[in-house]
Amino acid sequence: MKRLLVLILVWTLLVVTGTIVSADGQTRRRHKSKFGRKARTAAIIAGGAGVGALVGGKKGGAIGGGGAGLYAFNRKAARRHFKGKTRTIGTVASGTALGAGVGAAAGGKRAAAIGAGAGAGGSYLYSRHTRRKRYHRRY
């Protein structure tokens, strides 16, 4: 009975939201956010660390913060609003935290140190590889 009620409710919401046509969809206005770009990046990283800490404690917090940092520093908005050097430092720091968290979860302090080194090296290579190549034409 509960499944049927939930199915009817979901279909009703789907039909109602699908039939409503918004007149605002015809105009393209960019909404200027009050929440800064750098603050948004910090919020993404803090949210990932918080969720990871809730799920897995200290090690989970490092894994969540590192993964969220890798995402936050390599998205399109970060490419527009951060300098390349800042993004490289953020990416390497996030990779280090992610590697340390995975290493600690796998085997303790020594594994955390090895994982941190591997994460730092891998994220640095990733950041160097994904940067746009600049081609200079000589006339």
Side-chain angles (χ1 to χ4, degrees):
M1 188 67 188
K2 287 183 181 180
R3 287 184 183 177
L4 181 63
L5 184 63
V6 169
L7 184 67
I8 291 171
L9 183 64
V10 168
W11 276 105
T12 305
L13 286 172
L14 183 68
V15 169
V16 168
T17 56
T19 56
I20 297 174
V21 178
S22 175
D24 292 335
Q26 303 299 317
T27 59
R28 292 223 172 209
R29 280 190 243 153
R30 287 197 52 127
H31 176 263
K32 185 74 173 165
S33 175
K34 305 273 188 212
F35 193 51
R37 272 72 172 179
K38 291 175 174 62
R40 187 173 300 141
T41 301
I44 291 171
I45 296 169
V51 170
L54 285 175
V55 173
K58 291 179 187 176
K59 299 168 191 170
I63 293 170
L70 286 175
Y71 164 74
F73 279 109
N74 291 296
R75 60 196 181 102
K76 192 181 286 187
R79 276 185 252 137
R80 283 194 308 263
H81 296 288
F82 285 100
K83 294 179 184 176
K85 188 174 182 181
T86 304
R87 286 185 26 240
T88 300
I89 291 169
T91 300
V92 172
S94 299
T96 304
L98 179 64
V102 171
K109 290 182 182 180
R110 188 170 177 187
I114 294 170
S123 60
Y124 179 75
L125 290 176
Y126 170 77
S127 68
R128 290 290 98 205
H129 179 72
T130 57
R131 297 295 183 248
R132 293 184 190 155
K133 314 263 188 305
R134 293 190 177 108
Y135 296 104
H136 298 287
R137 288 195 290 180
R138 289 189 299 186
Y139 294 100

Novice: Leu4: which other cluster members, linking ILVMFWY side chains closer than 4.5 Å, directly or transitively?
Specialist: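 Grouped by the 4.5 Å side-chain rule, Ile8 form the rest of the cluster around Leu4.
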
Novice: For Lys83, which residues count as a side chain to side chain contact (heavy atoms under 4.5 Å, CB included) partner, sequence neighbours excluded?
Specialist: Thr86

Novice: Atom OH of Tyr124 and atom CD1 of Ile89: how far apart are they, to the nearest 0.5 Å?
Specialist: 10.5 Å

Novice: Can you list every pair that meets ring-ring contact (aromatic ring centres under 6.0 Å, His included) and has a residue in residues 98-119, with sequence neighbours left out?
Specialist: none

Novice: Please write out which residues are connected to Val6 in a hydrophobic cluster, directly or through intermediates, given that two of Ile, Leu, Val, Met, Phe, Trp, Tyr count as joined at side-chain heavy-atom separations below 4.5 angstrom.
Specialist: Val10

Novice: Kindly list each side-chain donor-acceptor pair under 3.5 angstrom involving residues 96-113, sequence neighbours excluded, with atom names and distances?
Specialist:
residue: Thr96; atom: OG1; partner: Val92; partner atom: O; Å: 2.7

Novice: Excluding sequence neighbours, so at least two apart, what forms side-chain hydrogen bond (donor to acceptor under 3.5 Å, both in side chains) with Ser127?
Specialist: none

Novice: Could you name each residue pair satisfying ring-ring contact (aromatic ring centres under 6.0 Å, His included) that touches residues 77-104, not counting sequence neighbours?
Specialist: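 Output for this query lists Phe73-Phe82.
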
Novice: Donor-acceptor pairs under 3.5 Å, side chain of residues 54-71 to any protein atom, not counting sequence neighbours: which ones?
Specialist:
none

Novice: Using side-chain heavy atoms (C-beta onward) and a distance below 4.5 Å, is Leu7 in contact with Arg3?
Specialist: no

